[in-house]
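In what follows, a structure is listed as C-alpha cells, so that the remarks can point back to it.
Values below: every heavy atom of this structure, side chains too, minus hydrogens, waters and symmetry copies. Remember, predicted model here, so these are calculated numbers, not experimental data. Chain naming here is simple, since letters A, B, ... match the order of the sequence lines and numbering starts at 1 in each.
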2 protein chains.
Amino acid sequence: MVSKKADRSLRPPVSKKPVRSLREQITDALRSEVLAGVWTNEAPMREHALAERFGVSRGPIRDALLQLSQEGVLVYSPNKGVRVNTPPAEAERLLLQSMRREMETFCIGRCMEHLTEADDEQLEGILAELTRACERADLSAIADNDLALHRYLVRRASRELEGVWQSIASRLLMDYSRIDRLDQIVAEHEVIVRAVKKRNLKAAQKAINANII
Amino acid sequence: MVSKKADRSLRPPVSKKPVRSLREQITDALRSEVLAGVWTNEAPMREHALAERFGVSRGPIRDALLQLSQEGVLVYSPNKGVRVNTPPAEAERLLLQSMRREMETFCIGRCMEHLTEADDEQLEGILAELTRACERADLSAIADNDLALHRYLVRRASRELEGVWQSIASRLLMDYSRIDRLDQIVAEHEVIVRAVKKRNLKAAQKAINANII
DNA sequence: TCAATAATAATTGTTAACATTTTACAAAGT
DNA sequence: ACTTTGTAAAATGTTAACAATTATTATTGA
C-alpha cells in the first residue's frame, strides 16, 4: 500500500517532489477513513494490525496515531491505545463552527486578490474529484476532497494557520459519515469555486459560511 | 533529568497517579523553554543532543518535537529537523487573538457555575506560582503558569477544546519572551482569579479579554 | 457458584541499531 | 578564482527487539 522507496526514473522531470513521509501518508489515509466512518469508537485501533496493513513498522503508525489524537480525530489513552473520538457536543460544535467560519472568512479575504488562473485550475480539479467521489458515494474520498478544497484556500492565505484550521475542521467533521445529501455537497462547493473564479469576495465568503455547518 | 521509573513507595497514597509519559514531560519542558526565548530559530534543535540532555532515547524526543510542530511552537522540515517557529504576522495574530478570546469567553461562561472551592484553591495555587516566577523573573516558569491558569479554565469547560486552545495560545505566545512588564502579568491574572472567585462572569470575561493581547 | 488471586497473553512504551537523506568539505577541472 | 564533483560526516527516518503495563484466562478458596 505504501511503498518505501519510489522509483525516481518514473517521476516527471522537474516535478516538485513532495516526498511525503510514511507518517504523513498514513495520517492522511487514516483521517479520511475515520471521517468516513470506517472505524467505530468501540474497539481500539491496534498499532500492530495497522503496521501489518500498511506494510511498515509500528513507528510511523504511532506517529500518525499521536498526530490524529492531537488533531481531535482519535482519543489517546496512555498504555491503552487510541479510539475514534466522539463528535463534539452541541455547544462545542457551535463554538468550533463559529471559529472555523471566522478563519475561512479571513483566509479567503486575504488570498483572493493573489489567486491566479493556476489556482482556479487546482480548485476545479479538486471539485471534479469531489464530484466523482460523490457519484460513486465514496465517503472517504468525499471527506478528503471536501477538506482539500477548504485547505487549499487556507494554505494560500497562510501556512501558519493551516494546523489550527485542520484541528478545528477535523473535529467538526467527526460525524461526516452521517451526511446523506451527497448532491448538496457538490452543489455547495460549486458555488464556492464559481465565486472564487469570479474573484467575488462577498459571494465567496457567503458560500463558504453556508457550507460550514 | 527525567527518571524512567519512579519509585512508587514515595508517591502519596491515594493520589490520582498521572504517570505522565516521557513524551509529555519533554513536550512541556521544551514548550516553556521555547516560549521563554531560550532557543533561537537560527540553529535547528538536534534530536541526539536533546536525547542526551534528557537522558532518554531519540524516540520520545521525536514525539515531543512533532507534537510541538503541530502546535505551532516549532517548524518541521522533512529530513532537516525542527526550528523555533517565528511569531505570527500582524494579521494572523489579530485573527488568533480574536479566536482565543472567543474560546476563553465561551469556556469561562460554561464552567463558571460548576466551579467549586477546590477550583478556587487550584487557581490560587497557580497564581501564587506565577507571582513567584515573576519575582525571580523566571520567564520559563512565567510562561508555564500563565498558560496553566488559562488552560485550567478551558479544561474545566471542555476537554475536547483543550487541544485547539493550546495550538492557538502557543502561537500567540511565540514572542512571550519580549514581555517586559512582569508585574502587569501578575496584576492581570489576579483580576481574573478574583472575578472567578466571586463567580462574576462578566467581570471574569472582561479580565480575560484584557489579558489576551 | 461466585469472588479473589495468580499465571498468561496481548498491547503499548522505549531503546538501540540500521537505512536513507542531507550537509560539509575537499579535490579536480575550467 | 570559481564552479563542479566526489567523498565523508552528521542528521533524520525506519525498523525490530526489549521493557513495562494492561487485559484475559485459569485456578484456588470459601
OP1 or OP2 of [N] versus the side-chain N and O atoms of [X]: is any pair under 4.0 Å?
{"X": "Arg23(B)", "N": "dG13(C)", "value": "no"}
{"X": "Arg58(B)", "N": "dA16(C)", "value": "no"}
{"X": "Lys80(A)", "N": "dT11(C)", "value": "no"}

Separation of [N] [atom2] from [X] [atom1] (nearest whole Å):
{"X": "Met45(B)", "N": "dT12(D)", "atom1": "CE", "atom2": "P", "answer": "11 Å"}
{"X": "Asn79(B)", "N": "dT12(D)", "atom1": "CG", "atom2": "C1'", "answer": "6 Å"}
{"X": "Leu65(B)", "N": "dA11(D)", "atom1": "CG", "atom2": "P", "answer": "14 Å"}
{"X": "Tyr76(A)", "N": "dG13(C)", "atom1": "OH", "atom2": "P", "answer": "4 Å"}
{"X": "Glu24(A)", "N": "dT12(D)", "atom1": "CD", "atom2": "C1'", "answer": "14 Å"}
{"X": "Glu52(B)", "N": "dA16(C)", "atom1": "CD", "atom2": "P", "answer": "11 Å"}
{"X": "Leu22(B)", "N": "dA16(C)", "atom1": "CG", "atom2": "P", "answer": "12 Å"}
{"X": "Glu47(A)", "N": "dG13(C)", "atom1": "CD", "atom2": "P", "answer": "6 Å"}

Validation row: Arg199(B), Met112(B) side chains within 4.5 angstrom (heavy atoms): yes

Minimum side-chain heavy-atom gap Leu139(B)-Ile179(B) below 4.5 Å: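 No, too far: nothing below the 4.5 Å cut-off.
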
Parallel, tilted or perpendicular: ring planes of His150(B) versus Trp165(B), cut at 30 and 60 degrees: parallel

Residue met sooner reading DNA chain D from 5', once Pro60(A) and His48(B) are mapped to nucleotides: His48(B)

Nearest-nucleotide pick for Arg62(B), side chain only, options being dA17(D), dA16(C), dG13(D):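 The closest nucleotide is dG13(D).
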
Listed nucleotide nearest any side-chain atom of Ser57(B), set dT22(D), dA16(C), dA17(C):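 That would be dA16(C).
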
Sugar-phosphate, base or nothing in reach of Gly81(B), heavy atoms under 4.0 Å: sugar-phosphate

Heavy-atom closest contact (Arg83(B) atom, Asn41(B) atom, distance):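 Result for this residue pair: NH1-O, 3.4 Å.
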
Reported CE-to-CG distance for the pair Met103(A) and Leu96(B), which is rounded to 0.5 angstrom: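 Spacing of CE (Met103(A)) from CG (Leu96(B)) equals 6.5 Å.
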
